[in-house]
Undergrad: 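Take a look at this one; I'll ask things after.
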Amino acid sequence: MRRMESFKGEIVTLLADATGLGADDVEGLLGTPPKQDMGDFAFPCFTLAKERKTNPAALANEFAGKLAPSGAVREIKAMGPYVNFFLEPATVAEDTLSRAFREDIDYGRSSDGQGDMIVIDFSSPNIAKPFNIGHIRSTAIGHALYNIFEFLGYECAGVNHLGDWGTQFGKLIAAFKHWGSWDDLAEKPIHKLLDLYVRFHKEAKENPALEEEGRAWFKKLEDGDPDARDIWQHFRDLSLAEFQRIYADLEINFDAYTGESFYEPMLGETVQFIKDKGLAKKSQGALIVDLEDYGMPPCLLEKADGATLYATRDLAALMFRAREYKFAQVLYVVGNEQSLHFKQLFKVIELLEFEWAPRCHHIPFGLIRFKDAKLSTREGNVIFLEEVLEKSKQLVRDIIREKNPDLEDADEVAHQVGVGAVVFNDLKSRRIKDVSFDWNELLNFDGRTGPYLQYTHARICSILRKHGEDVRADVDFTRLGEKAERALVTRVASFSQRIRNAARDYEPSLISEYLLDLAEEFNSYYANHRILLDDDADLRAARVLLADVVRMVLRNGLKLLGLQAPERM
RNA sequence: GCCCCUAUAGCUCAGUGGAUAGAGCACUGGUCUCCGGAACCAGAGGCGGAGGUUCGAUUCCUCCUAGGGGUACCA
C-alpha cells in the first residue's frame, strides 16, 4: 500500500541520482505544478542552472533525458525550466481510493501524536454574563484543534477556564442582596444577573458606598463566608447550566471546568514560590516580576492592596496543569489582544526555569467586529450566541420547508445545518483575521459555506442510495481517466497531509479550505458526468467508489471542524 | 511614544520565493427529456506606497501610509 508520499519518494530517488544532489535537497525543491495537466510533481532547475552556469531550460532538458519512467511514474519531461513528472493515474487512483474506502471513518487518522498530552484552554466565558457572539471564536477554534490533534493520535484535555472569580462577584452579591431574589432568577438567569450587574454600576454612581459593599462581599467570599459562598455557588451553577445548553448545541464536551476560582487556594503558594526564586519585587506598592530586560511591562502578582490578579491566577493554573497533565503542549486559544499577557506569562515561566516553558503556546485569533453599527449599539453592543444560532436554525427550517417538505427529522437536520453554518463561518478563514459580523453574510448559505459542504455530502448520500448496491472497491481503476476524476483522486490523497499541516499551524481553516475545494471539484464533476450509468456497469462501479470516498472525506473533515454531516437535508 | 496583528477584485477571503495571482458573495447572462438548483457554466473586476535581497518577490527584509489591538494594579 502506497501513498502520495511514497510516490514522491520514488521521484526523489530518481532525481538524486540524476542531479547528484542529496535526497533532502531534492525533496526541498520538488514541488507541485500549478495546473493538473502539467503533471503531479515538478522539479525547478533555476538554482542548479546558476551553479553550473547554464540556462535552466537546457538543464531541465538534460535531466529529463537522463531519467527514465519506472514504477508508478509514467512520463518525465522538461517543461521550460522545470522537469515534470506524471504518475500513472490508475495506480494513483487504486492506491488512494482503496485505502480510503477501507479506512472509512479512520481515513486521515494517524498515530503521530503517540498519545502525547495536549492541554487546550478554550472558550472560557465569564459566569454571570451572557455567552455572546464573540465567544464563538475561541470555542469553535479550540474545539476544532481538539478534534484535529486527537485524530492525529494525541491525547487531548479540553479545559474551560471559566471567569468565575474576582471583585465583580462581590458586587453581584451586593446587588443581589439589594434587589434580587432566587425566584426572580429562575427564568433567564444570566440576563437577570447581567441586569443586576448593570444596575449596581448605575446606582453606585449615585451611591459610592455600594462599591465598598461590593468589595466587602468579595472579601467575605474569599474568606469562605458560608452565605457569600452559597450565593456565588448558585450564580456559578446557573451560569454553567446555560453555557452547557450552548455546548450541547455545539456538541462540545470539556474535560474540566476548572475556572479561576479553582486556583484560588493555590495563589498563596504560587506567589511564595516566585518570591523564593528571587523573581518577585515590590514596585509602586505592588508585587511584580520585572520584565524590563525583555522589553515588556512588569507582570503583576499582587496589587498594592495585596489582592491577586489575572496573571497570578494564570501562573497558578499553568503550574497546576504542568503537574496534573504532564503535557507535551499547552495551547491557549485566546484572542490576539491578549498576546502581551501570554508573552509575559510564558516569560515568567521561563525565568522560573521550568523545562516545559517552550511548550506553552498562545493561539491568537482576530476579533469579531460589527459591520452594521446599528446592530452593535442595540442590546448594548452584545449579540447573544443563542440568538444567532436560533436565527440560523430557523432560516434552515424555512429552506427545508420550501425545498424538502417531506424530510423526516427536519428539526434535527435544521439544527445540524443551522449550527454548522455559524461554526463554519468562524473557521473558514485564517484565525488571525478579524471577522466582521454581518447577518446577511452569515445567513447566506450559497457558495463556500458550511451548508454547501453538508449539501454536497447529502447529495452524494442520495446518489449512493439510488445506486442501491454495496459500493465495491475492486473496480477497474483505469476507467477513472477524466481530468476531473484525477483531480478528485489527488485531492483525496492529500487529506492526511492537510490535517497534519492544520495541526502544525494550529489552523483549522486549512481543513475548511480543503473541504471547500474538494466539494467544488465534486459538484463540478457531478454536473458534467453521470455517475449512475445504466449502460456501463464497470464505469458506474468506479465512479460510485470515487463518490463514496469523497463522501467519507467530507464527513471526516466536517467532523474535525465540529460539524455534523447529515445524510439528507 | 513604544510593541503586536492586518493590508490582494465593490465586499469576504486563497495564494511552500517560481510557470497565465485563484475562489465565494453581490451584479449580468446562461444551464434541468438525466443521479438533489443550498448546484453548475460564463462575463466583468485586483497585489496600499517606496526602497532592498534574489536569476526570479503578492510571498523575505527596511521604511512609510492606513485600519485594529495592547501598553502596572480589568480579564
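Nothing here was measured: the structure is a model prediction, and the numbers come from that model. In the text below, chain A, chain B and the rest are named by the order of the sequence lines, each starting its count at 1.
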Undergrad: Of the nucleotides B:A39, B:A72, B:A75, which one has an atom closest to the side chain of A:Arg459?
TA: B:A39
Undergrad: Counting only Watson-Crick or G-U wobble pairs whose two distances fall under 3.5 Å, which nucleotide matches B:A44?
TA: none
Undergrad: With a cut-off of less than 4.0 Å, is there a side-chain N or O of A:Ser429 near OP1 or OP2 of B:C13?
TA: no
Undergrad: Identify whether any heavy atom of A:Ile432 sits under 4.0 Å from a base atom; if not, whether one sits that close to sugar-phosphate; answer base, sugar-phosphate or nothing.
TA: sugar-phosphate
Undergrad: Please determine if A:Lys428 and A:Glu513 form a salt bridge, counting it only when a charged side-chain N lies under 4.0 Å from a carboxylate O.
TA: no
Undergrad: Consider the side chain of A:Arg448, meaning its heavy atoms from C-beta on, and name the nucleotide among B:G24, B:U12, B:G36 that approaches it most closely.
TA: B:G24
Undergrad: Got a second to check how far A:Glu302's CD is from A:Leu309's CG, nearest 0.5 Å?
TA: 9.0 Å
Undergrad: Any base atoms under 4.0 Å from A:Ala49, or only sugar-phosphate, or nothing? Heavy atoms, all strands.
TA: nothing
Undergrad: Which nucleotide, B:A19, B:G24, B:A72, lies nearest any side-chain atom of A:Met38?
TA: B:A19
Undergrad: Consider the side chain of A:Glu337, meaning its heavy atoms from C-beta on, and name the nucleotide among B:G69, B:C5, B:C35 that approaches it most closely.
TA: B:G69
Undergrad: Nearest to the side chain of A:Arg430 - B:A39, B:G15, B:A23?
TA: B:G15
Undergrad: Checking A:Lys347 against A:Tyr294: charged group under 6.0 Å from the ring centre and within 45 degrees of the axis?
TA: yes
Undergrad: Looking only at side-chain N and O atoms, does A:Thr449 offer a donor or acceptor that is under 3.5 Å from a partner on A:Asp446?
TA: no
Undergrad: Using a cut-off of 4.0 Å on non-hydrogen atoms, how would the nucleic acid contact of A:Pro44 be classed: base, sugar-phosphate, or nothing?
TA: nothing
Undergrad: From C-beta outward on A:Tyr526, which listed nucleotide comes closest to its side chain: B:G36, B:A7, B:A23?
TA: B:G36
Undergrad: In the structure shown, which nucleotide is the Watson-Crick or G-U wobble counterpart of B:G56, with both distances under 3.5 Å?
TA: none
Undergrad: Looking at B:A14, I'd like to know if its phosphate oxygens (OP1 or OP2) sit under 4.0 Å from a side-chain N or O belonging to A:Lys433.
TA: yes
Undergrad: Under 4.0 Å between a side-chain N/O of A:Ser524 and OP1 or OP2 of B:C41, yes or no?
TA: yes
Undergrad: Please report the shortest heavy-atom distance between A:Leu221 and A:Trp165, naming the atom on each side.
TA: CG-CH2, 3.6 Å
Undergrad: Is any side-chain nitrogen or oxygen of A:Tyr452 closer than 4.0 Å to OP1 or OP2 of B:C40?
TA: yes
Undergrad: Which one, B:C25, B:A19, B:A75, comes nearest to the side chain of A:Ala42?
TA: B:A19
Undergrad: Within the 4.0 Å heavy-atom criterion, would you say A:Asp505 contacts the bases, only the backbone, or no part of the nucleic acid?
TA: nothing
Undergrad: Paired with B:G36: which nucleotide, if any, by Watson-Crick or G-U wobble criteria at under 3.5 Å for both distances?
TA: none
Undergrad: For the side chain of A:Glu520, counting heavy atoms from C-beta on, which of B:C74, B:A72, B:A23 is nearest?
TA: B:A23
Undergrad: Please pick, from B:A75, B:A72, B:G69, the nucleotide with the shortest atom-to-atom distance to any side-chain atom of A:Tyr310.
TA: B:A75
Undergrad: The side chain of A:Leu340 is closest to which nucleotide in this list: B:A72, B:A19, B:G70?
TA: B:G70
Undergrad: Ignoring backbone atoms, establish whether A:Asn444 has a side-chain N or O less than 4.0 Å from OP1 or OP2 of B:A26.
TA: yes
Undergrad: Less than 4.0 angstrom from a charged side-chain N to a carboxylate O is my criterion; do A:Glu408 and A:Arg568 meet it?
TA: no
Undergrad: Applying ring pair (Phe, Tyr, Trp, His ring centres under 6.0 Å), run through A:Phe342 and A:Tyr332 and close with a yes or a no.
TA: CA-CA 9 Å; A:Phe342 285 107; A:Tyr332 286 89; 4.9 Å; yes
Undergrad: If B:A7 has a Watson-Crick or G-U wobble mate with both distances under 3.5 Å, name it; if not, just say none.
TA: B:U65
Undergrad: How do A:Ile288 and A:Ile463 order along RNA chain B: which one's closest nucleotide is nearer the 5' end?
TA: A:Ile463
Undergrad: Between A:Gly447 and A:Lys343, just flag the one whose closest nucleotide in RNA chain B comes earlier from the 5' side.
TA: A:Lys343
Undergrad: Once you apply the 3.5 Å cut-off to both distances, tell me the Watson-Crick or G-U wobble partner of B:A14, or none.
TA: none
Undergrad: Would you mind pulling out the nucleotide paired to B:C2, Watson-Crick or G-U wobble, both distances under 3.5 Å?
TA: B:G70
Undergrad: Would one find a side-chain N or O of A:Arg313 under 4.0 angstrom from OP1 or OP2 of B:A75?
TA: yes
Undergrad: Between A:Lys129 and B:A75, does any side-chain N or O lie under 4.0 Å from OP1 or OP2?
TA: no
